**Student:** 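Please see the structure below; I have some questions.
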Number of protein chains: 2
Amino acid sequence: MITDRQLLILQAIIDDFIRNAQPIGSRSLSKKEGIAFSSATIRNEMSDLEEFGFLEKTHTSSGRIPSEKGYRYYVDHLLAPQSLKTDDRRIIRSIFADRIYELEKIVQKSAKILSELTNYTSIVLGPKVKDNKLKKIQIISLSRETAIAIIITDTGHVENKVISLPPSFDMNEIEKMANILNDRLVGVPLAELRDKIYKEVAVLLSQHIHNYGTLVTSLAETLDISNPPKLFFGGKTNMLKQPEFHDIDKVSSLLSLIEQEQGLYEIMKQNPAGIHVKIGRENNNVLLEDCSLITATYSVGQQQVGTIAILGPTRMEYSRVISLLEFFSKDMTALLTKLYQNY
Amino acid sequence: MITDRQLLILQAIIDDFIRNAQPIGSRSLSKKEGIAFSSATIRNEMSDLEEFGFLEKTHTSSGRIPSEKGYRYYVDHLLAPQSLKTDDRRIIRSIFADRIYELEKIVQKSAKILSELTNYTSIVLGPKVKDNKLKKIQIISLSRETAIAIIITDTGHVENKVISLPPSFDMNEIEKMANILNDRLVGVPLAELRDKIYKEVAVLLSQHIHNYGTLVTSLAETLDISNPPKLFFGGKTNMLKQPEFHDIDKVSSLLSLIEQEQGLYEIMKQNPAGIHVKIGRENNNVLLEDCSLITATYSVGQQQVGTIAILGPTRMEYSRVISLLEFFSKDMTALLTKLYQNY
DNA sequence: GTTAGCACTCTGTCCTCTTGAGTGCTAATA
DNA sequence: TATTAGCACTCAAGAGGACAGAGTGCTAAC
C-alpha cells in the first residue's frame, strides 16, 4: 500500500514540477520546507512511487517527473480545493458586469478572459441553438430573388438567413407566407423545422401560394439550423509560452488541430455536466498526448447549454484552473438563467 | 548603371532564394541554366550588386541573399507576369460557384482557400458596413425590457442588435417607433444613424411615445453601427511551415500580432485600390520586419468595399501571389457587383 | 573584359572532456 | 527495523578543438 509519506512526496514533486517544468531529484526535494527526511530516504520512496507508476525518469540518472497516472492520482486524491483570489473573482465577475444581451458576445469575452487568467488556451462551445424553440419568424424581402428570414428563439437567439425565392414570386405573398410559417412553426425546436416544413407547411403553402414547389425546398433547406454550435477560442498562442512546446513541430501540429476546429468539436460536444479533467492520452488524440483538457458546463436553468474548456500542458495548474472554472460556470449559469429563462 | 547581366544574376538569385531559402554562391549560380559565365565573373557582378544594395551576405564568406531593396527592385522591374495555372483558376472559381448569399460566408471561404493555395496567411478585411445605407429597420419585441432591432442595408447586409427598453415601455408603441425610425432613417448611411437619431428622430419620438428619454439614448447607442469591419483569416499557422520562422520567439510574437487583430486592422484599412506590395520594414512594424504583405481590394460596382491580403515571409512567391490576388479580386468584384449592385 | 587559381573565412558537425545533478546500492546508525 | 551516510556510477549539457565544405576577394593570365 501507498503510505502517507509517499503521498506527501508525490504531491511535493508534482507541485514543484508544475511550477518549474524541471525533473526533480531527491536532494533538492529534501531541502524543501515540510520535508524532513534525508535524500536517501526520499530516494527509496521515489523508487517505490516509480514502481507504482506515479513517477517517471527522463533518463537513468535524471530526477523524477510525474507520469500520467501520477497526475491522475494527484487530481483525484491530492488536490487541495484552493479558494480563488479576490482578484480572480473580480475579473470573472467583470465579464458579466456590462449589460450585454447577446449570448455570443458574453461567450466570446469569457473565452478571452479565461485564457488571460490562466495563460492557457480556452475553448468555449457556444450554446446549442438547435434545441431552442422558434419564437417568431419574420420575412423581409430583399430583392426580386431573395428575402431574409429572421429567426428568433425562446432564448433570445437571433439568426438570419437569406432565402432564395422562385423566379416569378409575387411579393405580396411574402406576408401570407410569413403568417403560415409562424402559425405552424412557433414552439418547434429548430432542429425539427426542416421536417415540419415538409410535413405540415408544404400543404398549407400549396393552398395559398402560387409556385410553391421550389419555395418549399428553399425554405426547408435554409431554415435547417442544424449548424453545430460555434467554437470560441482565447489565447490560441498561449501554448507557445509553455516550455514543453518549444518544439516547432509539436506546436505546429497542435495549433493546426486548434485551427481546424473539427477535432476539438468532437471532443467538446460529448460532455456530461460538472467539471472533468482529461489527462494526456485520456484525450484519445495523439496530438493531445502532452496536453490536459479541463471542461465545465454551463446551463440556463436546468438545461445545460454549453461547455467551456481549458487546454494546457499535462503539467497544468489543475487546482487553480478547476477553481476558476467552477466559479465561472456557476456565475455564467446564474447570469444566463436570469437573462433568458423567463422568455 | 546596372547592366542587363547584373539584372539577370539578381533575378536568378532571388528566384533561387525564394525557392530554397538558402544563401546562394557564385559557383552554384554558374551551374544554373541560362547563366553562361564563370563563377569569377559572377562574383564580380555580385559584389557590384551588393554595393548597389540589392544583395546582402549573412557573414563574410557566405553566399548572397536578397536585401529588402533587392526584393523591391525585383517586384517593381523583374517580375514576369505569370499566368495562373488552370487548376488555380478552377479552385478560385469554386469559391463563387455555390449560391451563397451571405457576403460574410463568401469572405470567410475566400480567406481559407487563398491560404491553402499559397501556403501563406491570408487576411480579408470584410465589407465596410458603415457606408451602407439603411434599407429597412424592424423591431421585434423580445421581453419586457428588450427588443431586437434588425437592420438591413442596401447591400443586403443584415445586422441585429438587442435594444433595452425603458422600464414601463408600452409594447403597443413598438410599431409606432418602428414606423418613425423607418420614415426618418431609410437611406441614411449607417455611420450617421446615431447623429440623425439625436437630431431628428428624438423630436418625433417625444411627440408620439411616452417615456421617450432613455429610449432615445438606448436607440442611438445600439444602432450606432460604427463597429469596424471584421477581419477574417486563413492559414494562421502557415507561418510555422516557413524555415525563417523556425524560431519560437519570432513566431510567437508574430502570431500574437495576428491574434490581436488590432495592429493588422490598422495596416489593412488604409488601402488604395489595386494591388500593393509591402516588403519587410515598409510595413512599419517591427514584428513584420521579415514579412511581406500583398494587398488587393475588391468592390461592388465602382465602390470599393474591402481588402484582401496575403502575409508571408519577405522570401515570398511574389509573382504567384500577385497573379492569384489579381484574378481573385477581379472575380470577387464581378460576383459581388452582380449580386448586390441592383438592390 | 573574362577567367583560373589561390589564400582566406566562416559555419556546421563531430569528437572529446568535464562538470553537475542525479541515481542505486551497501553498510553503518538510532 | 527504518533511516541515513557514503560511494561508485550514469547521463545531459556545455566548452573546446579539429575538420570539411561552401563561399569570398584578389591577382595574374588569357
Side-chain angles (χ1 to χ4, degrees), chain A residues 1-10 12-17 19-32 34-67 70 243-244 246-248, chain B residues 1-10 12-17 19-32 34-67 70 243-244 246-248:
Chain A
M1 242 346 275
I2 191 164
T3 68
D4 280 0
R5 189 168 67 189
Q6 286 169 343
L7 291 185
L8 179 64
I9 290 176
L10 179 59
I13 291 176
I14 299 189
D15 283 338
D16 186 279
F17 188 70
R19 239 196 187 61
N20 309 116
Q22 292 294 333
I24 178 160
S26 53
R27 207 174 122 69
S28 32
L29 196 57
S30 72
K31 287 186 197 144
K32 265 201 164 6
I35 307 254
F37 353 101
S38 78
S39 64
T41 310
I42 294 172
R43 273 205 291 288
N44 291 330
E45 300 290 37
M46 279 172 141
S47 173
D48 286 354
L49 285 168
E50 185 173 358
E51 222 162 87
F52 294 154
F54 292 136
L55 295 179
E56 286 173 351
K57 281 188 283 194
T58 58
H59 57 87
T60 38
S61 73
S62 77
R64 304 300 210 290
I65 61 172
S67 68
E244 39 266 87
H246 263 23
D247 171 35
I248 280 271
Chain B
M1 244 343 280
I2 191 165
T3 68
D4 280 359
R5 191 168 66 187
Q6 286 169 342
L7 290 185
L8 178 64
I9 289 175
L10 179 60
I13 290 176
I14 299 189
D15 283 339
D16 187 277
F17 188 70
R19 241 200 183 61
N20 305 314
Q22 293 294 333
I24 179 158
S26 54
R27 208 173 120 72
S28 32
L29 196 58
S30 72
K31 286 185 196 145
K32 266 201 161 9
I35 308 259
F37 355 101
S38 78
S39 65
T41 311
I42 294 173
R43 272 205 291 288
N44 291 330
E45 300 289 38
M46 278 173 144
S47 173
D48 285 355
L49 285 168
E50 186 173 359
E51 222 162 89
F52 295 155
F54 292 137
L55 295 179
E56 287 172 354
K57 281 189 284 196
T58 58
H59 56 86
T60 38
S61 74
S62 78
R64 304 302 209 291
I65 61 171
S67 67
E244 39 267 86
H246 262 23
D247 170 34
I248 279 270

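Computed from a predicted model, the values in this text were never measured in an experiment. All chains are named by letter (A, B, ...) in the order of the sequence lines, taking the proteins before the strands, and each is independently numbered beginning at 1.
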**Student:** Could you tell me the separation between the CZ atom of A:Arg27 and the P atom of C:dG24, rounded to a whole number of Å?
**Tutor:**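 It works out to 17 Å between those atoms.
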**Student:** If only side-chain N and O atoms of B:Arg43 are considered, is one of them under 4.0 Å from the OP1 or OP2 phosphate oxygen of C:dG5?
**Tutor:**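 Looking at the OP1 and OP2 atoms of C:dG5, neither is under 4.0 Å from any side-chain N or O of B:Arg43.
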**Student:** Return the nearest nucleotide to the side chain of A:Ser38; candidates are D:dA5, D:dT10, D:dG6.
**Tutor:**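 Shortest atom-to-atom distance from the side chain points to D:dA5.
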**Student:** So, is B:Lys57 near the phosphate of D:dG25, with a side-chain N or O under 4.0 Å from OP1 or OP2?
**Tutor:**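 Yes, because at least one side-chain N or O of B:Lys57 sits under 4.0 Å from OP1 or OP2 of D:dG25.
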**Student:** Within this structure, what is the CG-CD1 distance for the pair A:Asp247 and B:Ile248, rounded to the nearest 0.5 Å?
**Tutor:**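 Interatomic distance, A:Asp247 CG to B:Ile248 CD1, rounded to 0.5 Å: 7.5 Å.
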**Student:** Return yes if some donor-acceptor pair links the side-chain N/O of B:Ser67 with the main-chain N/O of B:Glu56 below 3.5 Å, else return no.
**Tutor:**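 Side chain of B:Ser67 to backbone of B:Glu56, a donor-acceptor pair under 3.5 Å: no, none is there.
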**Student:** In this structure, are over 12 heavy atoms from other groups packed under 6.0 Å from B:Asp4 atom CG?
**Tutor:**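 No, because the 6.0 Å sphere around CG of B:Asp4 holds 12 heavy atoms or fewer from other groups.
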**Student:** Pick the nucleotide of DNA chain C nearest each of A:Gly25 and A:Ala40; which residue has the one closer to the 5' end?
**Tutor:**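 Final value for this comparison: A:Gly25.
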**Student:** Taking atom C1' of D:dG21 as reference, at what distance in whole Å does atom CD of B:Gln22 sit?
**Tutor:**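 Taking atom C1' of D:dG21 as the reference, CD of B:Gln22 is at 13 Å.
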**Student:** Drop me the distance from A:Arg27's CZ to A:Arg43's CZ, to the nearest 0.5 angstrom.
**Tutor:**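 A:Arg27 CZ to A:Arg43 CZ: 10.0 Å, rounded to 0.5 Å.
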**Student:** How many Å lie between CZ on B:Arg5 and C1' on C:dT2, as a whole number?
**Tutor:**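 It is 8 Å, rounded to the nearest whole Å.
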**Student:** Measuring to OP1 and OP2 of C:dA4, would you say a side-chain N or O of B:Ser39 lies under 4.0 angstrom away?
**Tutor:**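 No, outside the criterion.
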**Student:** Kindly determine whether A:Ser62 and A:Gln22 satisfy side chain to side chain contact (heavy atoms under 4.5 Å, CB included), including the steps that lead there.
**Tutor:** CA-CA 10 Å; A:Ser62 77; A:Gln22 292 294 333; over 6 Å; no
**Student:** Rounding to a whole Å, what distance do you find between B:Asp48:CG and C:dG1:P?
**Tutor:**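 From B:Asp48 CG to C:dG1 P: 12 Å.
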**Student:** Measuring from the side chain of A:Thr41 (C-beta onward, heavy atoms only), which nucleotide among C:dT23, D:dT24, D:dT3 has the closest atom?
**Tutor:**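 Minimum distance to the A:Thr41 side chain belongs to D:dT3.
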**Student:** If you only use heavy atoms from C-beta on, which nucleotide in D:dC11, C:dC10, C:dT23 is closest to the side chain of B:Ser61?
**Tutor:**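 Looking only at side-chain atoms, B:Ser61 lies closest to C:dC10.
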**Student:** Do the side-chain N or O atoms of A:Thr60 get closer than 4.0 angstrom to the phosphate oxygens (OP1, OP2) of C:dG22?
**Tutor:**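 The answer is no; no side-chain N or O of A:Thr60 sits under 4.0 Å from OP1 or OP2.
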**Student:** Please classify the nucleic acid contact of A:Ser28 as base, sugar-phosphate, or nothing, using heavy-atom distances under 4.0 Å.
**Tutor:**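 A:Ser28: backbone/sugar contact only, no base atoms under 4.0 Å.
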**Student:** May I have the distance from B:Phe37 (atom CZ) to C:dT2 (atom C1'), rounded to whole angstrom?
**Tutor:**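 My rounded result for the distance is 11 Å.
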**Student:** Run through A:Ile65, A:Leu29, A:Asp15, A:Leu55 and flag the one making a side chain to side chain contact (heavy atoms under 4.5 Å, CB included) with A:Ile24.
**Tutor:**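 That would be A:Leu29.
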**Student:** Tell me what A:Thr58 touches on the nucleic acid: a base, only sugar-phosphate, or nothing, going by heavy atoms under 4.0 Å.
**Tutor:**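 No contact.
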**Student:** Please state how far atom CE in A:Met46 lies from atom P in C:dG22, giving the value in whole angstrom units.
**Tutor:**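 Rounding to the nearest Å, CE of A:Met46 and P of C:dG22 are 9 Å apart.
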**Student:** Can you work out whether A:Asn44 or A:Pro23 has the more 5'-proximal nearest nucleotide on DNA chain C?
**Tutor:**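 This one resolves to A:Pro23.
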**Student:** In Å and rounded to the nearest 0.5 Å, what is the NZ to OG distance from B:Lys57 to B:Ser47?
**Tutor:**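 B:Lys57 atom NZ to B:Ser47 atom OG measures 7.5 Å (nearest 0.5 Å).
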**Student:** Measure the distance from CD1 on B:Ile65 to P on C:dT11 and round it to the nearest whole Å.
**Tutor:**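 Computing the B:Ile65:CD1 to C:dT11:P distance gives 14 Å.
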**Student:** Please state how far atom NZ in B:Lys31 lies from atom P in C:dT3, giving the value in whole angstrom units.
**Tutor:**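 Roughly 16 Å, once rounded to whole Å.
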**Student:** When the C1' atoms of the five terminal pairs at each end define the local axes, what inter-axis angle does the helix from C:dG1-D:dC30 to C:dA30-D:dT1 show, to 10 degrees?
**Tutor:**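 That helix gives 20° between its end axes.
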**Student:** Should we count CZ of A:Arg19 as having more than 12 external heavy atoms under 6.0 Å?
**Tutor:**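 Not buried by this count: 12 neighbours or fewer within 6.0 Å.
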